[in-house]
2 protein chains.
Amino acid sequence: MAGRAAVPEVIWARPERTGRGPKPAFTRADVAAAAVRIADAQGLDGVSMRHVAAELGCGTMSLYNYVPRKEDLYELMLDAIGAEHEMGEPSGDWRADMLRNAYETRAIMRRHPWVPRLMAGVYGFSPNTLRYLEHCLACLEPLEVPYSIKMELVALLNGVVTTYTANELATAERTRSMPWSEEEENAVRIAYLGSQVATGAYPRVAAAFMEASGPIDLEAVFERALQRVMDAFEPRT
Amino acid sequence: MAGRAAVPEVIWARPERTGRGPKPAFTRADVAAAAVRIADAQGLDGVSMRHVAAELGCGTMSLYNYVPRKEDLYELMLDAIGAEHEMGEPSGDWRADMLRNAYETRAIMRRHPWVPRLMAGVYGFSPNTLRYLEHCLACLEPLEVPYSIKMELVALLNGVVTTYTANELATAERTRSMPWSEEEENAVRIAYLGSQVATGAYPRVAAAFMEASGPIDLEAVFERALQRVMDAFEPRT
DNA sequence: CCTAGTTACGTACAGCGTACGTAGTGCGCT
DNA sequence: AGCGCACTACGTACGCTGTACGTAACTAGG
């Protein structure tokens, strides 16, 4: 592979090993794991080709033998994350199973707060993404609607999980490289919000904040959203 | 403003002009507009401090008088986009109004394909975001549920719009800097998907693709998702 | 009026992705 | 068997990034 390809390429379609030449020092999984380790420890901005190479213990440019562009490294990372889904045998209760899947996805994202930011830029199926989709369809076997509708349900649920968890994690991931804490930043933002609401320019927003007595139960909000989406797909009795 | 602040700061809380010193050559809106113009024309990666400064016709470092960090430039851009919502008088039919809002949001994102990627990393309310939230609550006036539930509905609808449109736009925004077209890349990805499905390892995914006769009607899928979410919030009769 | 706070901006630096060239290795083919 | 080529490894170098810092010009408040 002398130069970079002038034609689109999916990294998963490229064989990991062709047989010719000295055998690679690492597997694709090694590379992905190293990148994930760095992202977990230092945030997504710590994932540079140089750092990942150093983590693996090889020269920077050697990385390009495994990954043609940095973007493909991102795809490797997302796929590695996808392997963390448990995907056990479906129970026969599709709502329970999908709820479990959603909570698991959220747990994975909390373990790897950089995932939402990565998902916004990358599109396409990877091996583990496909496995997860297959698993979801297996869980939805008892639901008697066409596959097209099942796909829409999976997409909708994943979308809800992603946006909810992304909002929860955005500040955490961002303040990582800042000299202040997540709590300090949130306090400042809430203070601004309060000052704006106090101007009276947003009466209904103000009323909404008045109505909320204590702190919001994010857990309950999350689960309610999922249940509502699933309600909408329950076949009419 | 000698050095950078060691304490969190919301750009909207910082006054645009304090009165002392020579008056700035541009307004905050000028800066935002220049950045948006570049992002529209060259993609989000074209938005560098140097390019934006050049677009404005000033030195690079002068930009830092208007925007303490690049991230704040992003917030300016998102706020500028928020101003494109029409926010007319609510009709009294909350479903029609919210549907209209959703379609408008999608239209805005299509006009500015970099918006989804930016939304993944930035959190917090800006003046126009607040205006939009207030507008949504105004549209939801006829819906007789507590404000907390209305907020959840707004969040859920916005989430759906964002994830659906993001998926639609991800490839477009990414292939912008590539030597190949969006169609070519999609073809390669679909070819890979087909080859994987053909292995038989994903029987249900295969069945789902078999079932789909023609190309998917993305428009119908989008609208169905919105309707379903709104269904779930309709008070039980 | 003076001076402190602001705008403007050139220079400089560390870090980034990656193009390119070279050296060494070992499988596949003749 | 052995030639040749595809592959691995990696150092160097280039253009680009965000932004810290220093300096000069300017203007409103005391």
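Note that the structure is predicted; figures quoted are calculated from it, not measured. Chain identifiers are assigned alphabetically (A, B, ...) following the order of the sequence lines, protein sequences preceding nucleic acid strands; residue numbering begins at 1 within each chain.
Here the P atom of nucleotide C:dT7 and the CZ atom of B:Arg28 are 11 Å apart, to the nearest Å. The distance between atom CG of A:Asn65 and atom P of C:dC20, rounded to the nearest whole Å, is 16 Å. Rounded to an integer number of Å, the gap from NZ of A:Lys70 to P of C:dC16 is 8 Å. Remark: P of D:dT8 and CZ of A:Arg17 are 7 Å apart, rounded to the nearest angstrom. What separates CE of B:Met61 from C1' of D:dG18 is a distance of 8 Å, to the nearest Å. The nearest whole Å value for the distance from the OH atom in A:Tyr64 to the P atom in C:dC16 is 11 Å. We find that NZ of B:Lys23 is positioned 22 Å from P of C:dG5, with the value rounded to whole Å. Rounded to a whole Å, the CZ atom of A:Arg174 is 17 Å from the C1' atom of D:dG18.
Between B:Ser62 and the phosphate of C:dC9, there is a side-chain N or O to OP1/OP2 separation shorter than 4.0 Å. Contact between the side-chain N/O atoms of A:Arg50 and the OP1/OP2 oxygens of C:dG15 is not found at any separation under 4.0 Å. Considering only side-chain N and O atoms, A:Ser48 lies under 4.0 angstrom from the phosphate OP1 or OP2 of C:dC16. Taking side-chain N and O atoms only, B:His51 has a distance below 4.0 Å to OP1 or OP2 of D:dT17.
Counted by atom type alone, B:Asp30 and B:Thr27 present one or more donor-acceptor pairs between their side chains at under 3.5 Å.
A salt bridge is defined here as a Lys NZ or Arg NE, NH1 or NH2 lying under 4.0 Å from an Asp or Glu carboxylate O, and B:Arg174 with A:Glu75 fails to meet this definition. With respect to A:Arg28 and A:Asp72, no salt bridge is recorded, no charged nitrogen being found less than 4.0 Å from a carboxylate O. In summary, A:Arg176 and A:Glu173 engage in a salt bridge, as defined by a charged side-chain N under 4.0 Å from a carboxylate O.
With distances taken from any side-chain atom of A:Arg20 to the nucleotides C:dG26, D:dT19, D:dA28, the minimum falls on C:dG26. For A:Met49, whose side chain is taken as the heavy atoms from C-beta onward, the closest listed nucleotide among D:dG18, C:dA8, C:dT18 is C:dT18. Between D:dA9, C:dC9, D:dT8, one nucleotide has an atom nearer to the side chain of B:Cys58 than all others, and that is C:dC9.
Ranked by how close their nearest DNA chain D nucleotide is to the 5' end, A:Pro22 and B:Glu71 are led by A:Pro22. Nearer to the 5' terminus of DNA chain D, by closest-nucleotide assignment, is the contact made by A:Thr18 (compared with the other of A:Thr18 and A:Gly59).
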Could you go through the ring pair (Phe, Tyr, Trp, His ring centres under 6.0 Å) check for B:Tyr192 and A:Phe125 one step at a time? CA-CA 9 Å; B:Tyr192 167 72; A:Phe125 286 102; 9.3 Å; no
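Backbone-only engagement by A:Tyr66 is indicated by non-hydrogen atom pairs under 4.0 Å involving sugar-phosphate atoms exclusively. Counting non-hydrogen atoms under 4.0 angstrom, B:Ala53 reaches nothing in the nucleic acid.
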